[in-house]
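Since the structure comes first, as structure tokens, the remarks are kept for the end.
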Amino acid sequence: MTEIALETNDSNDEKLGRLLLLLTPAFMCANMLMARASADLFPPVALAFWRWAIAFLVLSLFIGPRLWRARRHMLREWKDLAVLGGLGMGICGAFVYIGADSTSATNIGLIYSASPLIIILLSRLFYGERLSGRQNLGVFMGLLGVLAIIARGDPMSLLRLQFTTGDLWIISATTGWAVYSVLMRHRPSAMDMGTRFGAIILFGVLTLSPFMLWEGIAVEAPTLTWKTAGTVAFLALIAGLAAYGCYAKLQRLMGASKASLVLYMVPIYNTALAYLLLGETLQDYHWIGAALVLPGLWLATRKPKAS
């Protein structure tokens, strides 16, 4: 009976993981699209600060007592929390909004889609996290699919790619995301997943605070309108709590390397949303990319059968 229960739990975890593989990139893509759309509405550091400050307030309604009870754990783990908060809410937040001022949402998604390779490399080098031959094949297929979309069906166009200042900010954010993902998976914590996530947000907000104040004094202060308030609320709830929460759960279920493969889906989601919302035309290379990425994800995340 115990063996049957374990098999059932493994099956349920795998099904939940696959569902999150489909939902998480949509939430992440929402942040990238909104970053570009709001580039002229809100100063970037202030946008990152208020996004996560509101997310923390909302999350506190549900986990506030747990956070208070975990205060001793937070004090013991403050170094990890500060690093994770600085990476996840600071570098992966503010840097994206800074870069969005001079690059496109498509470029943001395409650059972020390279992060699985960085995460797999870091996980392998520092924590010995390995993939099977079939899973490596899936990773390779996913990479080919992303490259097919980037190259727009012309492999030689990859040699002509040019990077703007904004792209360099996004590359920095992508690297920060990779380090954040690996540390989230492998750094031990005495707190449960939800409580730890709330503590990370708190430390991230504290890290952003002095930079937000400097930006408001020396560069530009945010203007409060219904549009800017709606933008921040959307980012807090969808691109903040939903995206990071789903990703953290996905890491628990699948590991850092396989969970990172959700970023391969971002170019496909960007294309689909542009088609649905902006009326852009789907090209042959979009279908080729999807035909490689989707089976690649299936192979890379499928658990081997028990012998």
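Treat the numbers as computed from the prediction; the structure is a model and nothing was measured.
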Checking T24 side chain against L21 main chain: does a donor-acceptor pair fall under 3.5 Å?
-> no
Donor + acceptor pair across side chains of N31, Y244 (<3.5 Å) = no
Spell out, as yes or no, whether a donor-acceptor pair under 3.5 Å connects the side chain of R51 to the backbone of M89.
-> no
Ring pair (Phe, Tyr, Trp, His ring centres under 6.0 Å) partners for F42, two or more places apart | none
Could you walk me through whether H73 and S189 pass side chain to side chain contact (heavy atoms under 4.5 Å, CB included), step by step?
-> CA-CA 8 Å; H73 298 314; S189 175; over 6 Å; no
Main-chain N/O of P43 paired to E220 side chain as donor or acceptor, under 3.5 Å | no
Reference residue Y247; test ring pair (Phe, Tyr, Trp, His ring centres under 6.0 Å); the match among W177, F197, F27, Y180 = W177
Where is the tightest heavy-atom contact between G194 and L59, given as atom of each residue plus distance?
-> O-CD2, 4.5 Å
Show your reasoning for whether side chain to side chain contact (heavy atoms under 4.5 Å, CB included) applies to D80 and L183.
-> CA-CA 9 Å; D80 279 358; L183 292 178; over 6 Å; no
Among I98, V96, D101, which residue meets the side chain to side chain contact (heavy atoms under 4.5 Å, CB included) test with P44?
-> I98
Between the side chains of T228 and T225, does any donor sit under 3.5 Å from an acceptor?
-> yes
Heavy-atom pair of closest approach, residues V205 and F49 = CG1-CE1, 3.4 Å
